[in-house]
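Data first, discussion second: the structure below is written as C-alpha cells.
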Amino acid sequence: MKTGYEKIYERPDTLLSTRMHYCPGCMHAIVHKLIAELIDEMKLQEKTVGVCPVGCSVFAYDYIDIDWQEAAHGRAAALATAIKRMLPDRLVFSYQGDGDLAAIGTAETIHACNRGEQFTFIFINNAIYGMTGGQMAPTTLEGMKTTTSPYGRLAKTAGMPLKMCELVSQFDGVAFAQRVSCNNPANVRRTKKAIQRAFEIQQQGLGTTFVEVVSNCPSNWKCTPEVSLQKVKEEMLPYFPLGVYKEPRS
Amino acid sequence: MGDIKFMKGNEALAEAAIRAGMQGYFGYPITPQSEVVEYLALQEPKHDFVLVQAESEVASINMVYGAAGAGARTMTTTSSPGFSLMQEGMSYIACAELPCVVVNVVRGGPGLGTIQPGQGDYFQAVKGGGHGDYRLIVLAPNSVQEMADHTMLAFDLADQYRNPVLILSDGAIGQIMEKVELPDPVTTKIEKPWASTGKTPDRPRNVITSLYIKPEDMEQKNIELQAKYRKIEASEVRFEEYLLDDAEVVIMAYGVTSRICKKVVDLGREKGVKMGLLRPITLWPFPVERVAQLAAQERVRMFVTAEMNAGQMVEDVRLAANGRKPVYSTGRMGGILPTPEEILDFSLQHMK
C-alpha cells in the first residue's frame with residue numbers, strides 16, 4: 001500500500017455507497033452528492049426529512065442516508081407542507097423534476113410557495129421526462145425534439161417553456177429563489193452554495209426557498225455527456241438565465 | 001355524565017377529532033361537509049393542532065399522507081366529488097400503510113350531482129376507489145352520537161392496523177342536529193418508530209413509500225397487506241341488530257337509511273309481518289358471517305336492502321347469502337330519502 005498521499009476528499013457519510021442507477025453524465029448524481037455534503041457539514045442528518053418525487057430521482061432514498069417520504073407524481077409539495085407543519089424544527093426539502101414540479105404538480109407548487117411553506121424545493125430542470133423515456137416537459141425548449149414533440153416543440157400549440165424561478169419569485173411567501181447549473185466546476189460550487197443558502201434561510205423561518213438546477217439528460221437528448229453540457233450552455237442557459245431571483249428582505 | 005351538547009353531525013365529528021388528539025387537519029370546502037373545517041377553524045386557536053385549508057382535495061389527501069408519514073394523527077374530510085379526487089392518494093396511503101382518518105359525507109351523484117344526502121359511494125368506499133388491491137376500514141355512522149364515537153374509534157383503528165379508516169357518512173347525518181355525549185379527550189400518545197422524522201444513529205433510515213419496483217417485492221407487499229386485511233376481517237366486524245330473533249324478513253340498511261328502516265320494521269310488525277333489521281356498522285369488513293347465518297335459518301324468507309343508490313350494498317348481501325334466500329333491493333336515487341312506507345310496500349309485495 002502506497003503511503004505519502006493526503007486525503008483531500010471522500011464520499012460524504014450521508015451519501016450511501018449504493019451504486020446509482022443514473023445514466024453517465026447525469027447531473028442528478030452531482031446534486032445528490034452536494035445535498036449529502038451539506039447535510040454532513042451542517043450536521044443535519046437527524047433533523048432532515050426529504051421528499052422524493054416520481055421521475056428519475058424516485059430512488060433518491062436509496063442514495064442519501066436520511067429519512068424520506070416518497071410522494072405521488074406532482075404531490076411532493078403537499079407532503080412537504082404537512083411534514084414541515086407537523087415537524088417545524090426539521091429541515092424539509094422536496095427533490096423534484098420538471099414534469100413533477102411544473103406540470104402535474106403546478107398547483108401544489110404554486111400554493112405552497114404562496115403560503116410561504118417553510119421548506120426547500122430542489123428543482124431539477126432538464127427540459128424532458130427522463131424516466132418515462134424522453135417525452136416533452138413543461139420546460140422543453142421551443143423547437144426541441146422529444147418523443148411526443150418529434151418535429152420540435154411548437155409554441156403555438158404547446159406554449160413556451162415555463163420559467164419556474166421567475167414565476168415563484170413573484171410570491172410574497174417565497175424568501176429565496178435561485179437558478180443554478182452544474183455544467184462546470186464553478187457552477188457546481190455555486191449550486192452547493194445556493195442549496196446551503198436555501199437550507200439556512202429555511203432554518204431562519206423566512207419563507208419558501210427554491211433552487212432550480214438547470215440540468216441535462218444525455219440519454220434522452222440523444223447525445224454524449226460532453227455535448228449535453230454544451231447544449232446546457234448554448235441552448236438552456238440563454239432561455240433559463242442563472243442568478244438569484246429572490247432574496248430575503250433584510 | 002360526560003359533556004352533553006346539541007350539535008350537527010359534522011360539528012360532533014370535528015369536536016371528536018380534537019378530543020381524539022388529532023394533530024393535523026387538511027381539508028377543502030365542499031357541501032355538505034364544510035361545517036367540519038369551519039368548526040375546526042374556529043377551535044384552532046384554543047387547541048394544539050395544525051389546520052391547513054388546501055388548494056384542492058388532491059392536495060389535502062397528500063398533506064394527510066405527509067402528516068401521517070411524519071407520525072401525526074391526521075384527518076381530512078370531504079364529500080363525494082372530493083373523495084373521487086382523493087382516490088390516487090388513498091391507494092398510496094393504503095400501500096404505504098399510513099394511519100389516517102378520511103371522512104366522506106356523501107351526497108347524491110354521479111357527477112356534480114346534488115348536495116342532498118346520498119349513498120352512491122358505497123362501491124367506491126368498500127371496493128377501493130383507487131388503483132390496486134387495497135382495503136379501507138369503513139365505518140357508517142347513523143347518528144350525531146356515532147359521528148363522534150366513530151371518529152374516536154377511527155383514529156384508534158387506523159393506528160392499530162396502520163391503515164386508512166374511512167367514515168362513510170351522508171349529508172343527512174352530517175347536517176342533522178341531535179344530542180351528543182362527547183367523548184373524553186385522549187391523552188396517551190402512540191409510539192410510531194416507523195415514522196419519517198429525521199434519522200437518528202440508533203436506527204436505519206425510515207422511508208415512507210409505496211414503490212416496490214421488483215415484482216417479487218411488490219407481490220410480497222401485497223401478501224402482507226392481504227394478511228392484514230384477513231386479520232381485520234376476523235376482528236373488526238361491527239353491526240347492530242333490531243328485532244332479528246324471530247324475523248322472517250331481514251331488512252338491511254346503513255347510515256341514515258338504517259334509521260328509516262327501524263321504522264319499517266315497526267310498521268311491518270304492526271301489520272303482523274315479522275321483520276327485523278341488520279345494520280352493518282362496518283361496511284368493510286362486512287358482516288358476511290351474520291348474513292350467512294340468517295340466510296341459513298329456515299324462518300328467514302328473504303332479505304330486503306334499502307339504500308339511497310341504485311343498489312350497491314345489495315351485491316355484498318347477495319354474496320353472503322350465496323343464493324340461499326332471495327335478496328331484493330329498493331331505495332331512492334338522486335339525493336332523495338325513501339319513506340318507511342315505500343320500503344314497507346316494496347317488502348310486502350315481494351312476500352306475495
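Protein chains get the first letters and strands the later ones, always in sequence-line order, with residue 1 at the start of each. No experiment lies behind these values; they were computed from the predicted model shown.
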Which bit of [X] is near chain A, if near means a heavy-atom gap under 4.5 Å: side chain, backbone, both or neither?
| X | value |
| --- | --- |
| Leu51(B) | backbone |
| Val50(B) | side chain |
| Ala195(B) | backbone |
| Ile61(B) | neither |

Can you list the residues that meet the side chain to side chain contact (heavy atoms under 4.5 Å, CB included) rule with Ile223(B), with sequence neighbours excluded? Glu219(B), Gln220(B)
Between Pro204(B), Gly66(B), Pro201(B), the one whose heavy-atom pairs under 4.5 Å with chain A are most numerous: Gly66(B)
Rounded to the nearest 0.5 Å, what separation is found between the [atom1] atom of [X] and the [atom2] atom of [Y]?
| X | Y | atom1 | atom2 | answer |
| --- | --- | --- | --- | --- |
| Thr151(B) | Leu13(B) | OG1 | CG | 3.5 Å |
| Cys100(B) | Leu166(B) | SG | CG | 9.5 Å |
| Ile35(A) | Ile64(A) | CD1 | CD1 | 4.5 Å |

[X] vs [Y] side-chain heavy atoms within contact, under 4.5 Å:
| X | Y | result |
| --- | --- | --- |
| Leu44(A) | Leu38(A) | no |
| Met131(A) | Val54(A) | yes |
| Pro161(A) | Phe240(A) | yes |

No hydrogens needed, just list the donor-acceptor pairs between chain B and chain A under 3.5 Å.
{"unit_1": "Glu55(B)", "atom_1": "OE1", "unit_2": "Arg115(A)", "atom_2": "NH1", "d": "2.8"}
{"unit_1": "Tyr65(B)", "atom_1": "OH", "unit_2": "Glu70(A)", "atom_2": "O", "d": "2.7"}
{"unit_1": "Gly66(B)", "atom_1": "O", "unit_2": "Gln69(A)", "atom_2": "NE2", "d": "2.9"}
{"unit_1": "Glu88(B)", "atom_1": "OE1", "unit_2": "Arg75(A)", "atom_2": "NE", "d": "3.2"}
{"unit_1": "Ser196(B)", "atom_1": "OG", "unit_2": "Trp68(A)", "atom_2": "N", "d": "3.3"}
{"unit_1": "Ser196(B)", "atom_1": "OG", "unit_2": "Trp68(A)", "atom_2": "O", "d": "3.1"}
{"unit_1": "Thr197(B)", "atom_1": "N", "unit_2": "Asp67(A)", "atom_2": "OD2", "d": "3.0"}
{"unit_1": "Thr197(B)", "atom_1": "O", "unit_2": "Arg90(A)", "atom_2": "NE", "d": "2.5"}
{"unit_1": "Thr197(B)", "atom_1": "O", "unit_2": "Arg90(A)", "atom_2": "NH2", "d": "3.3"}
{"unit_1": "Gly198(B)", "atom_1": "N", "unit_2": "Asp67(A)", "atom_2": "OD2", "d": "2.9"}
{"unit_1": "Arg203(B)", "atom_1": "NH1", "unit_2": "Asp67(A)", "atom_2": "OD1", "d": "2.9"}
{"unit_1": "Arg203(B)", "atom_1": "NH1", "unit_2": "Asp67(A)", "atom_2": "OD2", "d": "3.3"}
{"unit_1": "Arg203(B)", "atom_1": "NH2", "unit_2": "Asp67(A)", "atom_2": "OD2", "d": "2.6"}
{"unit_1": "Arg205(B)", "atom_1": "NE", "unit_2": "Tyr61(A)", "atom_2": "O", "d": "2.7"}
{"unit_1": "Arg205(B)", "atom_1": "NH2", "unit_2": "Tyr61(A)", "atom_2": "O", "d": "3.0"}
{"unit_1": "Asn206(B)", "atom_1": "N", "unit_2": "Asp67(A)", "atom_2": "OD1", "d": "2.7"}
{"unit_1": "Asn206(B)", "atom_1": "O", "unit_2": "Trp68(A)", "atom_2": "N", "d": "2.9"}
{"unit_1": "Ile208(B)", "atom_1": "N", "unit_2": "Trp68(A)", "atom_2": "O", "d": "3.0"}
{"unit_1": "Ile208(B)", "atom_1": "O", "unit_2": "Glu70(A)", "atom_2": "N", "d": "2.7"}

Please state whether the side chain, the backbone, both or neither of Leu16(A) comes within less than 4.5 Å of a heavy atom of chain B. side chain
Which atoms of Leu87(A) are under 4.5 Å from chain B, going by heavy atoms: the side chain, the backbone, both sets, or neither? side chain
Using modelled atom types only, decide if a donor and an acceptor are shared between the side chain of Ser80(B) and the backbone of Arg107(B) within a distance under 3.5 Å. yes
Quick one, Val103(B) with Val36(B), criterion side-chain contact (heavy atoms from CB on, under 4.5 Å). Give me CA distance, side-chain angles, the key distance, then yes/no. CA-CA 10 Å; Val103(B) 181; Val36(B) 179; 6.0 Å; no
